[in-house]
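Here's the structure, in structure tokens; my notes come after.
Within every chain, numbering begins at 1; the chains are lettered A, B, ... in the order of the sequence lines, protein sequences first and strands thereafter.
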Amino acid sequence: MESFTKADKRTVYCGTLTSADIGREVTVTGWCQRQRDLGSLIFIDLRDRTGIVQLAFDDGTDREIFEKAFGIRAEYVLAAKGTVRSRGEGAINRNIPTGEIEIFVTSLKILASAETPPFAIVEKSDVKAELRLKHRYLDLRRPDLQRNIIARSEIVRIARNYFAEQGFIDIETPCLIKPTPEGARDYLVPSRVHQGKFYALPQSPQLYKQLLMYSGFDRYFQIARCFRDEDLRADRQPEFTQIDEEMSFADEEDIMAVNEGFLKKLFDEFMHQPLEIPFKRMTWKEAMNRFGSDKPDTRFGLELCDISDLVKDSGFSVFKGAVEAGGSVRGITVPGGAKMTRKEIDSLTDFVKTYGAKGLAWYKNTAGGPTSSFAKFLTEDETAAILDRMQVGEGDLALIVAAKNKVVWDSLGALRCEVAKRLGLIDKSKFNFLWVTEFPLLEYSEEDGRFYAMHHPFTMPMEEDLPLLDTDPGAVRARAYDCVLNGTELGGGSIRIHTTEMQTKMFEALGIGPEEAQEKFGFLLEAFEYGVPPHGGLAFGLDRVVCLLLGLEDIRDVIAFPKVQNASELLSKCPAPADPKALEELGIAVVKTEEEEEDV
RNA sequence: GGCCCGGUAGUUCAGUUGGUUAGAACGCUAGCCUGUCACGCUAGAGGUCACGAGUUCGAGUCUCGUCCGGGUCGCCA
């Protein structure tokens, strides 16, 4: 065999061969999926990233080649030359695309042998995540994971093409940047040249893309890696990728339109299905009141219903007290939910408790006579009014939470999703895109006794709310928007502040004094002096986009080398201790914790 | 940092009230087999029950701690 590289014109991908190739002499390379030894007949399924083709060895096969084939085991790497031939009637395998043909092998090379892998390289794998991630290079051989990674590449290609067509310029921004005081924890990188000083890895290219607007690159685009030193979730990794954009001389309408165009193109070219644009829009306030969430899943109902006014004077202290304390009493009505058992309702009670609710009041409207956890504390009229307001019909179940608004929203927002999931109310074929707009500009932190920017401190307030900035900062709305799909925040952005006056006001509202502002964002404030265009932008979480389009739930399934919950990576075993010499050069000493001291 | 779930053969799991030699399936090894494709048949090998203490005559099973993995709340401008 003189050549077995893919560059050889006779070398083809396993999964691409069809009966149209019968008679061709070809070379294929790949991994042995399975060897079937039938005595004087051997078959080998050869796998590459395109699929599987069957290699055949029989009494017409050269004895030396036959002996070689006899010894081949799973995951051996092979190059085989031979003639494509029909399998003949009766021997056709309808389950695989190449099932009509096989390769009669005339030359065989074992490029590498292999140990039996710790788990089978098959599409449907129920092997524990830990083992898969320790051997991620094997896990990534599985066809479903290969499809995910290839799909991700296609989505990125479509994004690059689309934004280039729209006149966006792809610009790289630094990965070693100044640590930022607000927002998520930074990953810090020590400086050797400047001992005691640190870079941070970017949580996003935010400031740099704004600076690019100041420079006149009026349409910027980047597939940008971002880093946040926060705890992981099924949909959150410490390093992740954004489709990041920024536009000058643009307002919300321009930015939403460009991105609706992008998603439509993704649906055309990748999903091969229509997507209706423009998307529905909903203010943050409406989203919270109707769905208890700023990223509502609108594929099902179970909307929240406010009954505060009906119970504020009632004899039930739980309801009355919540309203008096400035909170509210709200609930959801589960159609047909009355058949839920007490045990099931108890588990929903435990569920809402994780969101800070003290309990879950319920009312089962059953034909045989209703049962309820709270009706005995209310008058018949009060109960009737609640049932009427919540439209609790026969066979329905009402679930009610009384607490401060944030807890009511959080718990009921999560509860309606949980109930929908348990009752199978979610139509998984739907893609309900939604813009959530008019987010609050600021969020009060009880712990720190101050306001923080809900989006980031460069977000433009809504003009009509500006007077409130001094009197009622919590009520000011921002020119910020999120793109939501089926209950997941796919991306978000805002119109940015572009004047010194406004930015100074914003820092004041955040309790950042002039000196601190100068020290931390002086370069930005100074830049405002030299003519900054109005601008705004948006960033999508690429990993989440890929996940949702592929119908996956675990973000790790679309990332080649993901990290586990404690932010370590099991394959290479990082993070790892640093070389003492390197630490010395950096002027860094690692301080042992008290526990470790005791062990020494 | 809190709460919940899990760790038994290479893999996925079962393992009764604490009781003899810890099982099954798949995989693996060897032999046989001419049309398999989840090949088949026969035989065989394979276990620190995550780790460490404790309770007990006796622990895979009960208790505590540790480690590892998963989910989640906090956190994630």
I'd like a table of atom pairs between the protein and nucleotides 5-11 of chain B - only N or O on both sides, under 3.5 Å - with the distance next to each one.
| from | atom 1 | to | atom 2 | distance (Å) |
| --- | --- | --- | --- | --- |
| B:G10 | O2' | A:P118 | O | 2.8 |

Side chain to side chain donor-acceptor pair (under 3.5 Å): which pairs involve residues 559-571 of chain A, sequence neighbours left out?
A:E239-A:K563, A:N566-A:S568, A:E569-A:S572
In whole angstroms, how far is the P atom of B:C68 from the CD atom of A:E569?
16 Å
Ion pair present between A:D58 and A:R63, side-chain N to carboxylate O less than 4.0 angstrom?
no
Once you apply the 3.5 Å cut-off to both distances, tell me the Watson-Crick or G-U wobble partner of B:G23, or none.
B:C13
Listed once per pair and sorted, the salt bridge (charged side-chain N to carboxylate O under 4.0 Å, His left out) pairs that draw on residues 29-39 of chain A, sequence neighbours left out:
A:R36-A:D45
Whole angstrom value for the distance that separates C1' of B:C67 from NZ of A:K573:
14 Å
What pairs of residues pass the salt bridge (charged side-chain N to carboxylate O under 4.0 Å, His left out) test when at least one of them lies in residues 476-487 of chain A, not counting sequence neighbours?
A:E252-A:R479, A:E438-A:R477, A:E464-A:R477, A:D465-A:R477
With rounding to the closest Å, how many angstrom separate the P atoms on B:G74 and B:G2?
16 Å
How far does the P atom of B:G47 sit from the matching atom of B:U11, given to the nearest Å?
13 Å
Rounded distance in Å between the C1' positions of B:A50 and B:G70
16 Å
Look at all strands and tell whether A:I92 reaches a base, only sugar-phosphate, or nothing, counting heavy atoms closer than 4.0 Å.
base
Pairs of donor and acceptor atoms involving the side chains of residues 414-424 of chain A, under 3.5 Å and at least two apart or interchain, shall be tabulated with distances.
| from | atom 1 | to | atom 2 | distance (Å) |
| --- | --- | --- | --- | --- |
| A:R416 | NE | A:G301 | O | 3.2 |
| A:R416 | NE | A:L302 | O | 3.3 |
| A:R416 | NH1 | A:D297 | O | 3.3 |
| A:R416 | NH2 | A:D297 | O | 3.0 |
| A:R416 | NH2 | A:F300 | O | 3.0 |
| A:R416 | NH2 | A:G301 | O | 2.8 |
| A:E418 | OE2 | A:R422 | NE | 2.9 |
| A:E418 | OE2 | A:R422 | NH2 | 3.3 |
| A:R422 | NH1 | A:S347 | OG | 2.8 |
| A:R422 | NH2 | A:S347 | OG | 3.4 |

Would you kindly give the NZ-to-P distance between A:K563 and B:G70, to the nearest whole Å?
13 Å
Check every strand shown and say whether A:R450 touches a base, only sugar-phosphate, or nothing at a heavy-atom separation below 4.0 Å.
nothing
Rounded distance in Å between the P positions of B:G35 and B:C41
15 Å
Partner residues of A:K68 under the side-chain hydrogen bond (donor to acceptor under 3.5 Å, both in side chains) criterion, sequence neighbours left out
none
